[in-house]
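Here is the structure we will look at, set down as structure tokens.
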Amino acid sequence: MTYAHETRRRRTFAIISHPDAGKTTLTEKLLLFSGAIQIAGSVKARKASRHATSDWMEIEKQRGISVASSVMQMLYREHVINLLDTPGHKDFSEDTYRVLTAVDSALMVIDAANGVEAQTRRLIEVCRQRDTPIITFVNKMDREVRDPLDILDEVERELGMPCVPMTWPVGQGKSFGGIINLRTQAMTVFDSGSERLPQDFETIPLTEQAQLAERFGLEWQTAMDSMELATGASPAFDEAAFLAGKQTPVFFGSGVNNFGVMEVLDALVDLAPAPKPRTSNLLVNKQPVVKEIQPEDSAFSGVVFKVQANMDANHRDRIAFVRMASGKYTPGMKLKVQRTAKELRPTSVVTFLSQRREAVDEAYAGDIIGFTTHGGVQLGDTITDGANLQFTGLPFFAPELFMTVILKNPLRTKQLQTGLDQLGEEGAIQVFKPEIGGPMLLGAVGQLQFEVVQHRLKAEYDCDVRLEGCQYTGARWITADTPAELREFTNAYPQRMSLDAAGTLAYLCTSPYDVRLAQERFPKIHFHPLREHAGLALGSAG
């Protein structure tokens, strides 16, 4: 049996950008135009009762930023679109990196005034490592912004691939007249206002040159000249090059004014790829055998790329977000967690519209489904309906910041342990338990992660904690060729040994020289700055 018809209808993509480029607003508008939501919540209007659908955590509502990636599913033009909104803030980049392993393409949002910013660069790098196709949306054209040719030039330099304009702006800021759609050979006239729907915008075919020139004057002439330059210098759109991550189609618009968004939604259906095959390691006689899993295969398989505790504060539940890689999900299926070989019995299985959840009747490769569990599932776990598979590639980065956790009320020790176990499994922060005992250590990529964890420990687990600085400045996961070598090393550095949330052994460093000295002393120990799931396939020694 093959599910090719269903998998070809799927589009699974992440929205990536620097904070404040308008990513969450664009997410809202895509949901609005596909009919998934009736009213778009402004991300800025935090005092209003209406918040952006994709920002559901209390702390997100207070600060007006996305701190956790959220998943939304919508139907548009007979296609099932799975959209993952990622946190833009660099302190939450780990969550974003993991989300990028679960998608088939990315929509990059660029602020037309600021161009390509620091956080966008990092995310581009991750996309390039995975050859993820990127669609580019240049936002905020209704403001005073940079010249579109400049922006294209910068995107090409940063991405290391040519841009192919699909729409082109006429004017900018107060004189923004609209966009020329090169695919339909028509100009859509800009009209500000966030209540307008795409069908309300006036469209004039490019054959009406005289009318357009008269109406938009100098702006029209300038746009035509620069568009000619841009299209002359760009290659024609090449589907194979785009899918291989070798060129990016570019769209212009203003998300907050609902303008130019429909063109992006259409491009996601027309250009973005359907689910691709995924490589798995099949364990045969305890030896890994590489196998390519096709999305249309009949056997169910998927990988957990995110675990979120307490999405519903009343139920203390945990949701494992699973990106389906093959097969079909139906309620009541018998599923197995490959790492533990235990049966997975979710209490409910849902699809998402951010916090709104709906029970799943069926799901196919490319879909993101949520298993409500009470533990036993970790980030990176492979889940199947029986076959022995192991998907790899979910990264954990060695933290650069460390804090010691001090509990204000010692009677809450059990709650603290539960909280840290769950938040560690979730990947909200990395939790290290020193082998010689003593307080737990938290490791983070960015300072804001500590604040969020402190906030959540109090709100979700009723644990008031103080976070104190400590001497550690880094960690490396360690492996050795033989158990004897590992034992010799751990005996030499008992104070430096700790276990992370997945039970993987890590060496804590107080300076960059620590690793070098330890490496010289123990050449057969491997130090890893990156680990993939559950101690499998650790990254190259660092």
Side-chain angles (χ1 to χ4, degrees), residues 7-8 10-18 21 23 26 69 79 81-86 88 93 96-110 115-138 151-167 183 230-231 233-252 263-280 292-295 303 305 323 325 365-366 368 391-395 530 532 539:
T7 59
R8 282 183 199 135
R10 265 50 189 186
R11 300 286 182 271
T12 306
F13 75 99
I15 292 200
I16 61 172
S17 82
H18 193 81
K23 174 165 52 69
L26 185 63
S69 47
H79 285 72
I81 297 177
N82 294 292
L83 180 160
L84 286 78
D85 178 23
T86 60
S93 49
T96 305
Y97 292 150
R98 288 195 278 264
V99 163
L100 288 172
T101 66
V103 298
D104 302 302
S105 57
L107 173 58
M108 177 169 73
V109 186
I110 287 176
V116 180
E117 296 170 89
Q119 180 61 9
T120 319
R121 267 186 212 109
R122 267 198 203 94
L123 300 171
I124 287 168
E125 202 44 54
V126 178
C127 290
R128 289 191 58 191
Q129 282 163 9
R130 308 180 64 83
D131 294 329
T132 306
I134 298 172
I135 292 172
T136 302
F137 179 68
V138 181
I151 294 169
L152 279 201
D153 190 45
E154 186 178 9
V155 171
E156 290 202 345
R157 272 201 321 275
E158 295 288 349
L159 279 179
M161 65 174 96
C163 292
V164 183
M166 291 290 183
T167 63
R183 294 172 77 200
T231 51
S234 308
F237 178 71
D238 177 340
E239 188 182 16
F242 163 63
L243 294 178
K246 301 276 187 283
Q247 62 167 230
T248 178
V250 180
F251 297 82
F252 291 83
E263 289 76 359
V264 173
L265 194 52
D266 282 324
L268 285 164
V269 168
D270 299 336
L271 311 178
K276 301 178 189 138
R278 294 187 85 116
T279 305
S280 107
E292 198 163 75
I293 305 298
Q294 300 298 329
V303 68
F305 68 92
R323 151 71 198 237
I368 309 289
F391 294 112
T392 59
L394 201 71
L530 178 78
E532 288 187 2

Nearest non-hydrogen partners of [X] and [Y], listed with the distance:
X	Y	value
C163	L152	SG-O, 3.7 Å
E263	T167	CG-CG2, 4.1 Å
P275	P295	O-CG, 3.4 Å
R278	A325	CD-CB, 3.7 Å
A102	R323	O-NH1, 3.0 Å
S105	P273	CB-CD, 3.8 Å

Check: Thinking salt bridges, do D270 and R183 make one under a 4.0 Å N-O criterion?
Finding: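 Here D270 pairs with R183 in a salt bridge, since their nearest N and O are under 4.0 Å apart.
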Derivation and outcome, side chain to side chain contact (heavy atoms under 4.5 Å, CB included), residues I135 and M166
CA-CA 10 Å; I135 292 172; M166 291 290 183; over 6 Å; no
Are any of the side-chain heavy atoms of [X] and [Y] separated by less than 4.5 Å?
X	Y	result
F391	I293	yes
I15	F137	no
L265	I81	yes
L268	R11	no
T12	L84	yes

**Message:** I'd like to know whether V303 forms a side chain to side chain contact (heavy atoms under 4.5 Å, CB included) with T101, so could you lay out the CA-CA distance, the side-chain angles of the two residues, the decisive distance to 0.1 Å, and finally the verdict.
**Reply:** CA-CA 10 Å; V303 68; T101 66; over 6 Å; no
Checklist entry - Which distance, rounded to the nearest 0.5 Å, do you find between the CD of E117 and the CD of E154? => result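 One gets 9.0 Å once the value is rounded to the nearest 0.5 Å.
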Which side-chain N or O atoms in residues 236-252 pair as donor and acceptor under 3.5 Å with protein atoms at least two apart or in another chain?
unit_1	atom_1	unit_2	atom_2	d
D238	OD1	A240	N	3.0
D238	OD1	A241	N	3.2
Q247	OE1	D238	N	2.8
T248	OG1	I134	O	2.6
T248	OG1	T136	OG1	2.9

Query - Any donor-acceptor N/O pair, S234 side chain to V164 backbone, under 3.5 Å - result: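 Side chain of S234 to backbone of V164, a donor-acceptor pair under 3.5 Å: no, none is there.
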Sequence-distant partners of E158, salt bridge (charged side-chain N to carboxylate O under 4.0 Å, His left out), two or more places apart:
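If we apply the salt bridge (charged side-chain N to carboxylate O under 4.0 Å, His left out) test to E158, skipping adjacent residues, the hits are R121.
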**OP:** Could you walk me through whether D104 and R10 pass the salt bridge (Lys or Arg N to Asp or Glu O under 4.0 Å) test, one step at a time?
**Re:** CA-CA 10 Å; D104 302 302; R10 265 50 189 186; over 6 Å; no
Result of checking L107, V109, L26, I110 against S17 for side chain to side chain contact (heavy atoms under 4.5 Å, CB included):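 Between S17 and the candidates, side chain to side chain contact (heavy atoms under 4.5 Å, CB included) is satisfied uniquely by V109.
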*From the options V103, L100, I368, select the one residue that forms a side chain to side chain contact (heavy atoms under 4.5 Å, CB included) with F305.*
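Answer to the side chain to side chain contact (heavy atoms under 4.5 Å, CB included) test with F305 among V103, L100, I368: I368.
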Apply side chain to side chain contact (heavy atoms under 4.5 Å, CB included) to residues C127 and I16 and explain how you reach the verdict. CA-CA 10 Å; C127 290; I16 61 172; 4.0 Å; yes
Problem - For T231, side chain to side chain contact (heavy atoms under 4.5 Å, CB included) partners two or more places apart - result: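 With sequence neighbours excluded, T231 shows a side chain to side chain contact (heavy atoms under 4.5 Å, CB included) to L182, M227, given in chain and number order.
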Task: Stepwise side chain to side chain contact (heavy atoms under 4.5 Å, CB included) test for V116 and I124 - done: CA-CA 10 Å; V116 180; I124 287 168; 4.2 Å; yes
